[in-house]
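From a predicted model like this one, the values you see are computed outputs, not experimental measurements.
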Number of protein chains: 2
Amino acid sequence: MRSILIIGAGKSTSSLVRFLLGESKNQNFKLIIADKNKVAAQNLAANHERASAVALDIFQASEREQAIQKADIVISMLPARFHIEVAKDCVRFNKNMVTASYVSKEMEALDEDVKQKGLTFMNEIGVDPGVDHMSAMQVIDRIRSKGGKMLLFESFTGGLVAPESDDNLWNYKFTWNPRNVVVAGQGGAAEFIQEGQYKYIPYQRLFRRTEFLQIPKYGRFEGLANRNSLAYRSIYGLEDIPTLYRGTLRRIGFSKAWNVFVQLGMTDDTYSMQNTENMSYRSFVNSFLPYSPTDSVELKLRLSLKIDQDDLIWDKLVELDLFNSEKKIGIKDATPAQALQKILEDKWTLNPEDKDMIVMYHKFGYELDGEKKQIDSTMVSIGEDQTYTAMAKTVGLPVGIATLKILNGEIDKPGVLRPIHPEVYNPILKALEDYDIKFEETERPYLGYNPDQLT
Amino acid sequence: MRSILIIGAGKSTSSLVRFLLGESKNQNFKLIIADKNKVAAQNLAANHERASAVALDIFQASEREQAIQKADIVISMLPARFHIEVAKDCVRFNKNMVTASYVSKEMEALDEDVKQKGLTFMNEIGVDPGVDHMSAMQVIDRIRSKGGKMLLFESFTGGLVAPESDDNLWNYKFTWNPRNVVVAGQGGAAEFIQEGQYKYIPYQRLFRRTEFLQIPKYGRFEGLANRNSLAYRSIYGLEDIPTLYRGTLRRIGFSKAWNVFVQLGMTDDTYSMQNTENMSYRSFVNSFLPYSPTDSVELKLRLSLKIDQDDLIWDKLVELDLFNSEKKIGIKDATPAQALQKILEDKWTLNPEDKDMIVMYHKFGYELDGEKKQIDSTMVSIGEDQTYTAMAKTVGLPVGIATLKILNGEIDKPGVLRPIHPEVYNPILKALEDYDIKFEETERPYLGYNPDQLT
């Protein structure tokens, strides 16, 4: 019987395993779930007749090689930096491979070998990157096949809390790694291009430079720039496009309030503070404000960032219990970012009944037959529960579908790939529709950034 | 005849050489000035009968060793990272050594060897570090010798333009390395302690958290926090002091306007911008603002940073010609910081007749016999011209004086040292007074940060 090896049994693997087990009888394969923690693998296998769980430490070369040799195709759900160990063995033992992670330089370097052996290493086939690539390239290729010229591409993705579970003032809960949320946007200016002009946003302005977006039935969102928009020019073949912007979605008002943390220095993850173990939330805030024997932390913060008495930002801060002098950070030598994460986790952790939501919004501006046009394309996916989250679904399903199509020879393009080719994205997007991951397209007047074109 | 070797004939060496040559006959020594660029060394030697100039590449070991072996004492005026090569030879050939730079880890590591050989390696004996150490330790030791307990130490230094040459709205010109001024404050939060509370200021708030200071006859200044105040606890023996704060001086209003550059991202030195060679100053500014086909760069900047129509910040920006669409950056692949430096150098370069100024301000708060007291100590030094600048004088004279006192055996404390010991700072501060580098002390009521102590 054919066998699929999944290495890594983390939280985001739930939907992938459920999908594959659902197909395992029809399509006649078995599933080996391997993880350093065998119990995690067993929980996913759940005694299914076509699933087995094995303990696997990927740094034990012989264990790893044995497991890979026995498989027909390998899915690595490991943290991105560990894929390369698996990838090298896949080249050596002639196995196809699938990951949901960005193509690293090391992975890219295998391209020649992978092609020579006629193998398919499909990467970036989760949600972002993944579903964003596929849904964008499908529309871009369609526009170009009609002779259209791309003028604008903007693309936003957000991992948010579902409307039915959205019950705090920030309209936000942690639906994935909280640390990444706290430090998001750091490490360099965001760079993109608007109407032919290169634009740069430093971290200290990032959360004040949002765009508004609206999705019918779901309301308004704000988009803030990702760091690396320009890299997509070569990936998507948009070298000459005058406007290219990629961003992250939040609910309106999140960024303005988050900017308080940025300005105060609370998101800094580069140094340890003194005495954080016994530091109260209030003292943590006070560490970033001038000393005063009389003025309250509240007043100093308001003055420092010019927050009016009736500004909704204030309620958001109070909701987090930021001024509580009893609650303790309780982490030794915490960085500001670690301390802030602790405070946020008190309030932003999903309740057991909460659901998450993935939202994607693409704008395509183009010129066709002398006319400027625009297509907006949106996708919203709501999680079922805290196992089969929207995140797990939108990552796991495209990974699973791609894996089966490669296993069955329906996708056989060789190389270290992203899902940007029609023979890859068309069948996968089609299959995803059955799982309610589908895009709504709207034709609109071309907006661009030139209001005179609207008259 | 005894000989002093100066390695490095940079701009800041002028006053040092003049001082030493002035003493050379009386004290019977000759001066060897060595530099990779022999002409620079010759210019300093200026055919003085007791001076000679030699070409020396410190990375040529045999050249370097020969020069050091022949000297009685070595002054390294090289960039700080190169001292260690000289220092190792000085250990090997039993030579005393003097530098104006911070003690590096590598230098510190030589301490045992230096002590064992009975040598004196005097470092941090320029102005900041240097004159600040000596003048502060003299007062601190005096307070402690009377049985006083230190409550507060704040210390500020600024390299500024002299009042008679102060003719722009920023009250600032470049009197030392412009690059260091542009990137000042980056690389981590400023950390200090106020009334027993640890305080942290991130870069994005640094220029909004200034203190005001006043010096009779010289007017008002503002102080902004340096990164590393807490390191001075162990150096000065102030481990338990409740308030310790070190900072940089500017004229009032500088920081508020400089913050515009910080907020926009113009001081970032970590990435290259596109097309900077032909970029106008105006386009440079526009790169950090949202695209608009109609709104002016001026309006976008005002809105972005909420600059009122009558705010003096605006005149400061206009004075720099920041919105000029003709003037070009003219640097290929410039970082934002490099481009900004270019713009600033147009306006902030000293005119030939301009003079510079070094300002130092210490506050010492202490308790003596149950009473809280405060001493404020200030020093202002004005340059003579653009050769004998205040910077060159306040660096070169303490270096030169220390060198002679070591050469003459008046200072013979062994080890890798800073000038924080009475036997070092007392004679040097005394000698500096003859060159008008002296501190004015004022006794004041203890201010601290607790206004109720003022009533």
Side-chain angles (χ1 to χ4, degrees), chain A residues 187-206 208-211 225 227 230 242-243 245 259 261-268 270-276 279 283-284 286-295 304-306 335-336 448-453, chain B residues 187-206 208-211 225 227 230 242-243 245 259 261-268 270-276 279 283-284 286-295 304-306 335-336 448-453:
Chain A
E191 186 176 354
F192 54 94
I193 187 164
Q194 271 177 325
E195 300 286 350
Q197 295 182 6
Y198 288 100
K199 296 291 183 184
Y200 308 86
I201 309 181
Y203 180 60
Q204 56 267 33
R205 291 296 297 162
L206 191 62
R208 302 309 302 122
R209 289 273 296 270
T210 51
E211 298 208 3
R227 278 183 59 201
L230 297 184
T243 298
Y245 183 103
N259 188 51
F261 303 144
V262 172
Q263 293 306 318
L264 291 175
M266 290 182 178
T267 60
D268 195 330
T270 65
Y271 69 93
S272 292
M273 299 175 73
Q274 311 265 355
N275 310 330
T276 47
M279 179 182 275
S283 296
F284 172 66
N286 200 19
S287 304
F288 302 100
L289 296 168
Y291 175 85
S292 164
T294 51
D295 300 325
S304 192
L305 299 182
K306 311 262 192 301
T335 66
Y449 286 87
N450 292 317
D452 57 349
Q453 291 168 347
Chain B
E191 187 176 353
F192 54 93
I193 187 165
Q194 270 178 325
E195 300 287 351
Q197 295 182 5
Y198 289 100
K199 297 291 181 184
Y200 307 86
I201 309 181
Y203 181 60
Q204 55 269 33
R205 291 297 296 163
L206 191 60
R208 303 308 301 120
R209 289 274 297 270
T210 51
E211 299 209 1
R227 279 182 59 202
L230 297 185
T243 297
Y245 183 104
N259 189 49
F261 304 143
V262 173
Q263 292 306 317
L264 291 174
M266 290 182 177
T267 60
D268 194 329
T270 66
Y271 69 93
S272 292
M273 299 175 74
Q274 310 266 355
N275 310 329
T276 46
M279 180 182 275
S283 295
F284 172 66
N286 199 19
S287 304
F288 302 102
L289 296 167
Y291 175 85
S292 163
T294 51
D295 300 325
S304 193
L305 299 183
K306 310 261 192 302
T335 65
Y449 287 87
N450 292 317
D452 56 347
Q453 291 170 346

Seminar exercise, completed: Interface check, chain A: of Met266(B), Arg205(B), Lys199(B), most non-hydrogen pairs under 4.5 Å belong to Lys199(B)
[X] side, atom [atom1]; [Y] side, atom [atom2] - distance, nearest 0.5 Å:
X: Tyr198(A); Y: Asn286(B); atom1: OH; atom2: CG; result: 15.0 Å
X: Tyr203(B); Y: Asn259(B); atom1: OH; atom2: CG; result: 9.0 Å
X: Phe284(B); Y: Tyr200(A); atom1: CZ; atom2: OH; result: 10.0 Å

With chain B, which of [options] has the greatest number of heavy-atom pairs at distances under 4.5 Å?
options: Leu289(A), Leu230(A), Val262(A), Asn275(A); value: Leu289(A)
options: Gln274(A), Gln204(A), Gln194(A); value: Gln274(A)
options: Pro202(A), Gly265(A), Ser287(A); value: Ser287(A)
options: Met273(A), Arg208(A), Gln263(A), Gln197(A); value: Gln263(A)

Exercise. Who are the salt bridge (charged side-chain N to carboxylate O under 4.0 Å, His left out) partners of Glu191(A), not counting sequence neighbours?
Worked result: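 Salt bridge (charged side-chain N to carboxylate O under 4.0 Å, His left out) check on Glu191(A) returns nothing, list empty.
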Exercise. Where is the tightest heavy-atom contact between Asp268(B) and Pro336(B), given as atom of each residue plus distance?
Worked result: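 In terms of heavy atoms, the two residues are closest at O-CD, 3.2 Å.
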Exercise. Under a 4.5 Å heavy-atom cut-off, does chain A meet the side chain of Ser283(B), its backbone, both or neither?
Worked result: neither
Problem set entry | Contacting region of Phe288(B) [heavy-atom separation from chain A under 4.5 Å] | both
For this session: List for me each residue that meets ring-ring contact (aromatic ring centres under 6.0 Å, His included) alongside Phe192(B), sequence neighbours excluded, and say none if there are none.
Result: Tyr245(B)
